There are 2 protein chains.
Amino acid sequence: MTAESTSGTSRQPAVRRAPARRVSMADVARLAGVSAQTVSRVSNGHPSVVGSTREQVLDAMRRLGYRPNSAARALKYGEFRTIGVILFTLSSVGNSRTLEAIVDHAAHEGYAITLIPVAVPTQDGVLGAFTRLGELAVDAVIVIMEVHLLDAATMTLPLGIPAVIVDSNGGDRYTVVDTDQADGTRQAVRHLLDLGHRTVWHVAGPEDSYAAERRAETWRATLTEAGLPVPAMARGDWSADSGYRAGLALADEPGCTAVFAANDQMALGLLRAFHEKGKVVPRDVSVVGFDDITDATSFIPPLTTVHQDFTEVGRHCVERVLRQVHHRRTKPGTTLVPTRLVVRSSTAPPPA
Amino acid sequence: MTAESTSGTSRQPAVRRAPARRVSMADVARLAGVSAQTVSRVSNGHPSVVGSTREQVLDAMRRLGYRPNSAARALKYGEFRTIGVILFTLSSVGNSRTLEAIVDHAAHEGYAITLIPVAVPTQDGVLGAFTRLGELAVDAVIVIMEVHLLDAATMTLPLGIPAVIVDSNGGDRYTVVDTDQADGTRQAVRHLLDLGHRTVWHVAGPEDSYAAERRAETWRATLTEAGLPVPAMARGDWSADSGYRAGLALADEPGCTAVFAANDQMALGLLRAFHEKGKVVPRDVSVVGFDDITDATSFIPPLTTVHQDFTEVGRHCVERVLRQVHHRRTKPGTTLVPTRLVVRSSTAPPPA
DNA sequence: GCGCTGGTTGTTTGCGTAAACATCGATCAG
DNA sequence: CTGATCGATGTTTACGCAAACAACCAGCGC
């Protein structure tokens, strides 16, 4: 899934070896001395099979190690009860928590999840994922894309399959589910301003992330609306280390008393940088994060942050995509999942 | 996947609605005025289709929104090119990193990954997952189970499907891949002893985790071998918060100058507890973690920890399971992935 | 002109399963 | 004793695709 380790095109050439003829119903039927249909009935727990026959069949199944062929089943039923999830990386906490919520909720609805990694975060990579989609055993797709790759050209591709996009701005053409980035950011910035800070610095996420852009925009807008100066923005890559580097610079910035980091991991880096520079959080500088990862309660000090409800995001994704699967036409549109500020110990009024 | 949000049995009753008759090759063939076989050839990029015909077919495909039916394909080819991964939770960093590595490597081999969540971490839950396995479109399984549920009774079930287990002790009966827990632990404890500490305290993971048990055992053994006293062991649940609680107690322990935490997140909690209790790490207490999560470099202070090579674990899983898929029959056995200690700033000689 | 070659397209067939329908035998009411 | 009924089981068929084979048509050398 990471760019280094995978190449979409390096996929093995489709050498179709002679399929290793597995045990089929016919084999079981032969051994048990019954018809294939009876085996099918036993396999599906159909009632009208007499006990002794059932036992014979079960015994034959065991002896042969029979396993029903889900391809044949799916072919008959016309569905896989599986949802594909297209994503680029699992290393961000947000992605992995969203995925977990999706898996949870899908399981609850009787659906499994197939992961479709995007080899490289380029249009080609996304295209490749959509192509592979056709070969995969899925009834619908959820796209978790935190990068600017879903423009009109690319996204017109996956025709004919129910799809939901997480974290994008294509709400007019597609079904989109997202955290309410703007509201969360506004709460974070307002919280710092309400404490009395003259302005708020920002450590943004990478440029190619919609979420990062949305948070940066809203940070800027909130300051501007309040008639406050907008300080220079630092740019990180979501990692704690990038937050640390940004923090070393900010620590030397004279009037910097409040920083809003675009995620908790960068906030962690900030805390370390300030600590090393001898600045005490929150006495000298206040720090707010975004995500509310579980570890945030154990930062030094425990982090004030914007709580994202990943569970809710996952639930909405599954619900909306399954609604499409079941032919209940839905119109495109965005579902925003609300956020809330969790105040812990990393924020305080500015030093006197 | 978490116990609260999912119940394996709540799966929708298998109401088999009339399958939504999707566009098939025959439909495309009819519109394009060719045979189904020609559509198949175009669909698979077979060379011997003349340009004009190809265009007609492609056009018909577009107009009808044709999407090849992977069930039929899989039925013909006898394989799905998909590996199932059975796991209980994604919330542990280890699981999610291992999964990512598996996804990466599987994609590299042209395989997709289907997640099979275990509803509840009981034998029934695992059993349910294995049952669902039969209905799923997978060629093999990788089991990521950090709990004691794979005993003989349960594990005899998934007969006839290639399988690899991560993080278990069933190496004699199954193919197992694991991090070398023992060696990693030994390195951690020896490092602290070599620095001059009189003994090493331990904050263990939950009892139902093999990994946690292995680390605890080895910690104990290493101390015993060195002829040192074995202090009382604290028990956490992998979370930073549980580490914090353990740390509050350890901070009051008189001779406690070195602590080995069974994972980095608990180590994070320890750092906070010591900080709040006025103990300076590493001057007053040394702390070592396990995992080497990326954030560990940004803890205060940066954490000395045992590096686990999740990528390598994932790679071995995929390799070994695919070997079973292709060459049929490999003997069981355990593959141990080596660890290495990464020394950062959370360890030092004991106070004089 | 004839048959041959090679490239393009069509036809037949079967993958494993389960619904629909057919059959068979036993039981039972009249 | 007969025929209706019903439960257990077997037979046929179709799901969508692609391999194997067949058919067809050009162009070519002789």
Side-chain angles (χ1 to χ4, degrees), chain A residues 14-57 60-61 64-81 134-137 139 160, chain B residues 14-57 60-61 64-81 134-137 139 160:
Chain A
V15 182
R16 303 290 186 190
R17 304 170 314 101
R21 265 300 267 104
R22 269 214 288 260
V23 184
S24 80
M25 283 203 335
D27 302 318
V28 176
R30 204 169 309 120
L31 178 59
V34 299
S35 75
Q37 182 58 39
T38 298
V39 177
S40 165
R41 282 191 264 256
V42 172
S43 177
N44 292 357
H46 196 282
S48 67
V49 177
V50 84
S52 58
T53 311
R54 177 185 310 278
E55 280 316 315
Q56 278 174 47
V57 172
M61 282 182 175
L64 267 53
Y66 170 73
R67 205 165 64 87
N69 180 318
S70 24
R73 258 194 180 137
L75 180 56
K76 265 218 92 58
Y77 289 144
E79 63 173 3
F80 289 100
R81 296 195 77 81
E135 310 172 1
L136 284 174
D139 303 317
Chain B
V15 182
R16 300 295 186 187
R17 304 169 314 98
R21 264 303 267 104
R22 269 213 289 260
V23 184
S24 81
M25 282 201 339
D27 302 318
V28 176
R30 204 169 308 120
L31 178 60
V34 300
S35 75
Q37 183 56 43
T38 299
V39 177
S40 165
R41 282 191 264 255
V42 171
S43 176
N44 293 356
H46 198 282
S48 67
V49 177
V50 86
S52 58
T53 312
R54 177 184 309 277
E55 281 315 314
Q56 277 173 48
V57 173
M61 282 182 175
L64 267 53
Y66 170 73
R67 204 164 65 85
N69 180 319
S70 25
R73 240 182 200 154
L75 181 55
K76 258 214 105 40
Y77 289 143
E79 62 172 5
F80 287 100
R81 297 194 78 80
E135 310 171 0
L136 283 175
D139 304 318

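So you know, we letter chains A, B, ... as the sequences are listed, proteins then strands, and number each from 1. All values below were derived from every heavy atom in this structure, side-chain atoms included, with hydrogens, water molecules and symmetry-related copies excluded. Bear in mind the structure is a predicted one, so any value in this text is a computation, not a measurement.
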What is the separation between atom [atom1] on [X] and atom [atom2] on [N], rounded to the nearest whole Å?
X        : N      : atom1 : atom2 : value
B:Glu79  : C:dC15 : CD    : P     : 17 Å
A:Asp27  : C:dC15 : CG    : C1'   : 13 Å
A:Leu75  : D:dA18 : CG    : C1'   : 13 Å
A:Lys76  : D:dT12 : NZ    : P     : 16 Å
A:Asn69  : C:dG14 : CG    : C1'   : 13 Å
A:Asp139 : D:dG16 : CG    : P     : 14 Å
A:Arg30  : D:dT9  : CZ    : C1'   : 18 Å
A:Met25  : C:dA19 : CE    : P     : 10 Å

Practice prompt. Using only side-chain N and O atoms of A:Tyr77, determine if any of them is under 4.0 Å from OP1 or OP2 of D:dG16.
Written response: no

Discussion item. Distance check, rounded to the nearest 0.5 Å: A:Leu75 atom CG versus A:Ser70 atom OG?
Written reply: 11.5 Å

Discussion item. Can you tell me how far apart CZ (A:Arg73) and OG (A:Ser43) are? Round to the nearest 0.5 Å.
Written reply: 4.5 Å

Tell me which donor-acceptor pairs under 3.5 Å the side chains of residues 47-56 of chain B have, and how far apart each pair is, sequence neighbours excluded?
from: B:Ser48; atom 1: OG; to: B:His46; atom 2: ND1; distance (Å): 3.3
from: B:Arg54; atom 1: NH2; to: B:His46; atom 2: O; distance (Å): 3.4
from: B:Arg54; atom 1: NH2; to: B:Val49; atom 2: O; distance (Å): 3.4

For residues [X] and [Y], report the shortest heavy-atom separation together with the two atoms involved.
X       : Y       : answer
B:Val23 : B:Tyr66 : O-CD1, 3.7 Å
A:Ala36 : A:Ala29 : N-CB, 3.6 Å
B:Asn44 : B:Tyr77 : ND2-OH, 4.1 Å

Practice prompt. Return one dot-bracket line describing DNA chain D 5' to 3' (Watson-Crick or G-U wobble pairs, both distances under 3.5 Å; ( ) same strand, [ ] crossing, | another strand, . none).
Written response: ||||||||||||||||||||||||||||||

Practice prompt. Give, ordered by number, those residues of residues 37-55 of chain A having at least one heavy-atom distance below 4.0 Å to an atom of DNA chain C; if nothing qualifies, reply none.
Written response: A:Gln37, A:Ser40, A:Asn44

Worksheet item: Tell me, do A:Met61 and A:Val39 make a side-chain contact under 4.5 Å, heavy atoms counted?
Response: yes

